[in-house]
Amino acid sequence: MGLVPAIDDHGFYLFESHAILRYLSSAYPDVADHWYPADVKKRAQIDCILDWHHTNLRPGSGGLTINRVAAPLLGRPLDEKAAAESEVLLKASIKRIDTLWLNKEGSFLTGNEQPSIADLSLACELMQVEFLGEEYKSELLSPHPKVKHWLDAVEKALAPHFGDVHQKLKAGALAFRK
């Protein structure tokens, strides 16, 4: 399909990030259950969040980042009207994460004590705002301390697996803005 991300798992080809995450979490028995629980109700919650992500957080975060800073790299002009519309959706999405999925005791979505593929996907989407600057990110998240705490928890949980990828993203975003 010419899309990114995509995988080739021994001749089995798949694209779309959430399909890949679901597949890898289910196909390999050594993947810890917390990433994509076998319990059908817990799995349905993760699926709900992932499906919601495509029509809410992704167009909010991605639309804002593209239309405010990255459009010239794609040969398009910056579009402040589209950026403003995306920002409204992004702020509503962050509020939804805060009030709906971070309303329990655990550090992760739906009150879990360990991260899921939904945590990974949504946190990665929100990391795009690094390209808008630390001040903007701080302003965006300041009304939502639970979201800030959750992002920190995801980063800490992923560090053993992915190293300092977030720090590298921050450095890349800073270099991009300059």
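Quick note: numbers below take in every heavy atom, side chains included, and nothing from hydrogens, waters or symmetry partners. Quick caveat: nothing in here was measured; it's all calculated off a predicted structure.
Cluster note: Leu74 groups with Ile66 through ILVMFWY side-chain heavy atoms spaced under 4.5 Å, whether in direct contact or through intervening members. Under the 4.5 angstrom side-chain criterion for Ile, Leu, Val, Met, Phe, Trp and Tyr, Leu78 has no cluster partners at all.
Taking NE2 of His144 as the reference point, atom NZ of Lys95 lies at 7.5 Å (rounded to 0.5 Å). Going from atom CG of Leu122 over to atom CG of Asn56 covers 9.5 Å, rounded to the nearest 0.5 Å.
Trp150 and Asp98 are not linked by any side-chain donor-acceptor pair at a separation below 3.5 angstrom, with hydrogens and angles left out of the test. Between the side chains of Tyr136 and Glu130, no donor N or O sits under 3.5 Å from an acceptor N or O.
Partners of Trp52 by ring-ring contact (aromatic ring centres under 6.0 Å, His included), not counting sequence neighbours, listed by chain and number: Trp101. In this view, His54 and Glu16, His18, Arg58 satisfy the side-chain contact (heavy atoms from CB on, under 4.5 Å) rule, not counting sequence neighbours. Listed by chain and residue number, nothing satisfies the side-chain contact (heavy atoms from CB on, under 4.5 Å) test with Pro143 (two or more places apart in sequence, or in another chain). Taking Tyr13 as the reference, nothing meets the ring-ring contact (aromatic ring centres under 6.0 Å, His included) condition, with sequence neighbours excluded.
Heavy-atom neighbours of Arg96 CZ from other residues, nucleotides or ligands within 6.0 Å: at or below the threshold of 12. Heavy atoms from other residues, nucleotides or ligands lying under 6.0 Å from NZ of Lys146 number more than 12.
At least one donor-acceptor pair closer than 3.5 Å links the side chain of His34 to the backbone N or O of Pro115. Judged purely by atom type and a 3.5 angstrom limit, Asn67 uses its side chain to pair as donor or acceptor with the backbone of Gly63. Judged by distance alone, with hydrogens and angles left aside, the side-chain atoms of Ser25 form no donor-acceptor pair with the main-chain N or O of Arg22 at under 3.5 Å. Asp79 contributes a side-chain N or O that, together with a main-chain N or O of Lys81, makes up a donor-acceptor pair within less than 3.5 Å.
Looking at heavy atoms from C-beta onward, Thr99 lies out of side-chain contact with Asn103 at the 4.5 angstrom threshold. Looking at Val31 and Tyr36, their side chains never come closer than 4.5 Å, going by heavy atoms from C-beta outward. Between Leu141 and Leu151, some side-chain heavy-atom pair lies under the 4.5 Å cut-off. Ser121 has its side chain within reach of Leu50: a pair of non-hydrogen atoms, C-beta onward, lies under 4.5 Å apart.
Shortest non-hydrogen contact noted between Ala71 and Pro77 is CB-O, 3.4 Å. Between Gly60 and Leu89 the shortest heavy-atom distance is N-CD2, 3.8 Å. His53 and Pro59 get closest at one heavy-atom pair: O-CD, 4.0 Å. Nearest heavy atoms, Glu113 versus Gly106: OE2-CA, 3.3 Å.
By the rule that hydrophobic residues join a cluster once side-chain heavy atoms approach within less than 4.5 Å of another member, Phe12 and Leu21 end up as members of one cluster. Grouping the Ile, Leu, Val, Met, Phe, Trp and Tyr side chains by contacts below 4.5 angstrom, directly or via other members, places Leu158 with Leu24. Note: the hydrophobic cluster containing Val40 does not contain Leu109 (ILVMFWY, side chain heavy atoms under 4.5 Å, direct or indirect links). At a threshold of 4.5 Å between side-chain heavy atoms, the hydrophobic network of Ile, Leu, Val, Met, Phe, Trp and Tyr places Leu64 and Val88 in two separate groups. Side-chain heavy atoms closer than 4.5 Å link hydrophobic residues (I, L, V, M, F, W, Y) into clusters, and following such links, even through other members, never connects Val4 to Leu73.
At a threshold of 4.0 Å, the pair Asp152-Lys156 does not count as salt-bridged, since none of the basic side-chain nitrogens sits closer than that to a carboxylate oxygen. In summary, Asp47 and Lys41 do not engage in a salt bridge, as defined by a charged side-chain N under 4.0 Å from a carboxylate O.
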Inset, instruction - Report the C-alpha distance between Asp33 and Lys42 in whole Å, list the side-chain angles of each, state the deciding distance to 0.1 Å, and finish with yes or no for salt bridge (charged side-chain N to carboxylate O under 4.0 Å, His left out). - result: CA-CA 11 Å; Asp33 186 67; Lys42 290 179 180 179; over 6 Å; no
